[in-house]
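A note on names: the letters A, B, ... follow the listed sequences, proteins ahead of strands, and every chain is numbered from 1. Every heavy atom of this structure was used, including side-chain atoms; hydrogens, water molecules and symmetry mates were not.
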Amino acid sequence: MTQALQQEILRRLEKHYPRPKTALNHANPFQLLVATILSAQCTDERVNKITAELFRCCPNPAAMAERSEDEIAEYIRSAGLWQAKAKNIKATAALLLKKHDGRVPDTREELMALPGVGRKTANVILSNAFGVPAIAVDTHVQRTANRLGLASSDNPNAVERQLMEVVPESRWSDAHHWLIYHGRQLCRARSPLCGQCFLRDICPSARL
DNA sequence: ATCCCGAGGG
DNA sequence: CCCTCTGGAT
């Protein structure tokens with residue numbers, strides 16, 4: 001995998017996915033955090049539907065912390081892993097009030113100390129809500145980066161490091177979105193749509 | 001049947 | 001490192 005080829009791939013990704021297409025509200029760290037916790041094993045459409053209802057009654061940590069786990073669970077039943085998510089969302093809201101003056105913290109250490117927040121979620125918040133350069137690596141990013149030859153590891157942290165080498169820092173948060181959307185729309189886990197992919201002529205894993 | 005925009009726990 | 005949790009999409 002030559003460096004020139006990697007750069008060409010990044011150029012095309014940027015061209016094809018010009019702006020991060022997310023319905024998540026970047027200006028509201030708390031809602032972004034909740035939506036990101038919900039997004040595991042769940043489609044965007046479903047997360048958007050759930051949060052539209054949930055944030056009507058619980059738009060901030062104070063309101064969320066007042067609800068019981070069961071009440072929160074009511075809203076998120078249609079998402080997978082709802083039991084753990086309801087518990088984590090409530091506990092996180094309470095912890096934000098208790099330790100962070102009701103605000104979402106802006107360091108990785110503090111974020112990862114919140115219930116339900118791991119490195120991936122922390123990186124999403126850092127890069128999307130606070131402008132801190134970070135690349136959140138989930139299964140789509142991992143698979144897609146590996147197929148495209150931008151990384152080569154089954155370890156998310158290694159993939160994160162490798163991507164930070166290849167992608168200019170100013171584009172880290174964008175790269176996350178490129179690979180997420182590419183991974184979902186074309187470079188799918190099971191049946192990748194290589195035939196209609198704009199990278200098929202230079203992708204190391206392309207199968208036509 | 002199998003997999004998914006993870007995290008926590010053993 | 002392995003497991004479990006979950007509904008929904010394919």
Check your understanding: Rounded to whole angstroms, how far apart are CD1 on Ile125(A) and C1' on dG6(B)?
Key -> 13 Å

Review point. What pairs meet the salt bridge (charged side-chain N to carboxylate O under 4.0 Å, His left out) rule with one or both residues in residues 104-128 of chain A, with sequence neighbours excluded?
Key: Arg119(A)-Glu160(A)

**Study point:** Student check: side-chain heavy atoms of Leu150(A) and Thr144(A) closer than 4.5 Å
**Key:** no

Review point. In whole angstroms, how far is the P atom of dC4(B) from the CD atom of Glu45(A)?
Key: 17 Å

Review point. Rounded to whole angstroms, how far apart are CZ on Arg143(A) and P on dT2(B)?
Key: 18 Å

Point to revise | Partner set under salt bridge (Lys or Arg N to Asp or Glu O under 4.0 Å) for Asp201(A), not counting sequence neighbours | key: Arg12(A)

Check your understanding: Tell me, for nucleotides 2-10 of chain C in 5' to 3' order, what letter each nucleotide earns: B for a base near a protein heavy atom under 4.0 Å, S for only sugar-phosphate near one, - for neither?
Key -> ---BBBSSB

Review point. Does anything in residues 83-92 of chain A pair up under side chain to side chain donor-acceptor pair (under 3.5 Å), and if so which pairs, sequence neighbours excluded?
Key: none

Review point. Residues two or more places apart in sequence or in another chain: which of them pass salt bridge (Lys or Arg N to Asp or Glu O under 4.0 Å) with Glu53(A)?
Key: Arg56(A)

Point to revise | Separation of atom CD in Gln185(A) from atom P in dC4(B), rounded to whole Å | key: 17 Å

Check your understanding: When the P atoms of dA1(B) and dT6(C) are considered, how many whole Å apart are they?
Key -> 22 Å

Study note, to complete from the structure: Ala63(A) meets the side chain to side chain contact (heavy atoms under 4.5 Å, CB included) criterion, sequence neighbours left out, with Cys58(A), Pro59(A), Asn60(A)

Point to revise | Partners meeting salt bridge (Lys or Arg N to Asp or Glu O under 4.0 Å) with Arg190(A) (sequence neighbours left out) | key: none

Can you give me the N/O atom pairs linking the protein to nucleotides 8-10 of chain B at distances under 3.5 Å, or say none if there are none?
unit_1, atom_1, unit_2, atom_2, d
dG8(B), OP1, Gly116(A), N, 2.8

Review point. Partners of Arg67(A) by side-chain hydrogen bond (donor to acceptor under 3.5 Å, both in side chains), sequence neighbours excluded?
Key: none

**Study point:** Distance in angstrom units between Leu38(A) CG and dA7(B) P, rounded
**Key:** 12 Å

Check your understanding: Does Thr139(A) have a side-chain nitrogen or oxygen under 4.0 Å from the phosphate oxygens OP1 or OP2 of dC3(B)?
Key -> no

